[in-house]
Amino acid sequence: DLHLSIRRQRQMCIRDRYETMRDMIQRLRPEALDMFGLKVAVEQCILAFHLDEQHIELDLNIDDSVNGMEEIYTIASYRIVQELVNNAVKHAKRITKLKVHLAVYEQHMVIRVKDNGIGFDQQKNKWGFGLSGVDERARSLGGTLDIGTSVNKGVKVSVRIPLVAS
């Protein structure tokens, strides 16, 4: 009947909204962080870039020590790596190698991402939203962002965030 049809449409609509909300929450906070820790979550994140299909050789080094951090540092580290890898893939023309390193060292979360792309002139090029966001996220936790680059020399980004005991 008409009432049954309306009820089914409502249920489908509710189910669609539920799936949309679940997808949005997943993008805000990846399930892998909770289920497996930062190391596996970052590995999964980087796999999603399909670097092999883009002929980019990946050198990934994630120390097990990153899994013991507080949630605020875990989420920030994940997002920073995600943005830095995205930037490298998106902007580092002629990139063939990408190094990603994460470790806890001397009470700091240390993130290093290096590519062999074309680099850029820091005097001429302003940071875009990506690097500005990484800088803001690091500074909000008392950390620093350091970028080493020049034309045709690739880009090396280092982020250090102090891990404050709670």
Side-chain angles (χ1 to χ4, degrees), residues 1-93 95-104 108-113 115 117 126-143 145 155 157 159-166:
D1 289 79
L2 182 60
H3 291 300
L4 189 59
S5 176
I6 291 172
R7 177 179 278 151
R8 282 188 185 139
Q9 283 181 320
R10 246 189 231 148
Q11 287 174 337
M12 286 175 50
C13 185
I14 289 169
R15 192 175 14 234
D16 287 347
R17 286 187 182 158
Y18 172 79
E19 290 297 321
T20 300
M21 291 289 287
R22 190 165 172 251
D23 289 346
M24 288 173 64
I25 289 168
Q26 170 67 17
R27 277 185 253 140
L28 290 173
R29 181 181 175 82
E31 251 180 342
L33 279 176
D34 293 327
M35 293 175 64
F36 307 112
L38 181 61
K39 183 175 181 173
V40 171
V42 166
E43 289 168 350
Q44 287 182 356
C45 172
I46 292 174
L47 282 175
F49 283 97
H50 303 285
L51 298 177
D52 54 334
E53 293 174 16
Q54 300 178 59
H55 307 291
I56 299 171
E57 180 185 325
L58 176 64
D59 179 357
L60 181 61
N61 183 347
I62 306 173
D63 192 84
D64 290 333
S65 62
V66 302
N67 284 332
M69 296 187 305
E70 289 183 41
E71 182 178 54
I72 189 167
Y73 301 111
T74 300
I75 294 170
S77 298
Y78 178 88
R79 292 295 177 211
I80 287 169
V81 170
Q82 184 180 43
E83 186 57 47
L84 292 177
V85 171
N86 182 60
N87 262 17
V89 171
K90 187 175 177 183
H91 299 295
K93 312 248 185 310
I95 180 177
T96 59
K97 294 181 181 174
L98 181 65
K99 290 184 178 183
V100 179
H101 175 79
L102 281 83
V104 173
H108 283 77
M109 177 64 204
V110 178
I111 301 167
R112 292 192 182 104
V113 176
D115 68 61
K126 296 254 186 221
W127 290 356
F129 289 118
L131 287 177
S132 295
V134 168
D135 183 51
E136 189 174 305
R137 194 177 297 265
R139 283 190 297 115
S140 74
L141 294 171
L145 168 70
V155 177
V157 181
V159 177
R160 283 181 55 93
I161 300 172
L163 302 175
V164 181
S166 59

Donor-acceptor contact present, side-chain [X] to main-chain [Y], <3.5 Å:
| X | Y | answer |
| --- | --- | --- |
| Gln54 | Ile95 | no |
| Tyr73 | Gly68 | no |
| Asn67 | Lys39 | yes |

Separation between [atom1] of [X] and [atom2] of [Y], rounded to the nearest 0.5 Å:
| X | Y | atom1 | atom2 | value |
| --- | --- | --- | --- | --- |
| His91 | Asn87 | NE2 | CG | 4.5 Å |
| Leu98 | Glu57 | CG | CD | 10.0 Å |
| Cys13 | Ile6 | SG | CD1 | 13.0 Å |
| Ile62 | Leu38 | CD1 | CG | 7.0 Å |

Verdict with supporting geometry, Phe36 and Glu43, side chain to side chain contact (heavy atoms under 4.5 Å, CB included): CA-CA 11 Å; Phe36 307 112; Glu43 289 168 350; over 6 Å; no

- Item | Qualifying salt bridge (charged side-chain N to carboxylate O under 4.0 Å, His left out) pairs, either residue in residues 127-139, two or more places apart |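 As it turns out, the salt bridge (charged side-chain N to carboxylate O under 4.0 Å, His left out) pairs with a partner in residues 127-139, which skip direct neighbours, are Asp135-Arg139.
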
Practice prompt. Please examine the side chains of Val100 and Leu58, heavy atoms only from C-beta on, and report whether any two atoms are closer than 4.5 Å.
Written response: yes

Practice prompt. State, with a plain yes or no, whether a side-chain heavy atom of Leu84 is found less than 4.5 Å away from one of Leu131.
Written response: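 Leu84 vs Leu131: side chains touch.
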
Over 12 foreign heavy atoms within 6.0 Å of NZ, Lys99: no

Counting neighbours of CD1 on Ile72 that are heavy atoms of other residues, nucleotides or ligands and sit closer than 6.0 Å, is the number greater than 12? no

Given the options Val159, Ile80, Ile161, Leu141 meets side-chain contact (heavy atoms from CB on, under 4.5 Å) only with Ile161

Verdict with reasoning, Asp115 to Ile56, per side chain to side chain contact (heavy atoms under 4.5 Å, CB included): CA-CA 10 Å; Asp115 68 61; Ile56 299 171; over 6 Å; no

Taking every non-hydrogen atom, the tightest pair across [X] and [Y]:
| X | Y | result |
| --- | --- | --- |
| Cys45 | Tyr78 | CB-OH, 3.5 Å |
| Thr74 | Met69 | OG1-O, 3.5 Å |
| Glu83 | Gly130 | OE2-CA, 3.3 Å |
| Pro162 | Gly142 | CD-O, 3.3 Å |
| His101 | Ala103 | NE2-CB, 3.8 Å |

Steps toward side chain to side chain contact (heavy atoms under 4.5 Å, CB included) verdict (Met12, Arg15): CA-CA 5 Å; Met12 286 175 50; Arg15 192 175 14 234; 3.7 Å; yes

**Prompt:** If you measure only the distance, is there a donor-acceptor pair under 3.5 Å linking the side chains of Arg79 and Gln82?
**Reply:**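 Present: a donor and an acceptor within the cut-off.
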
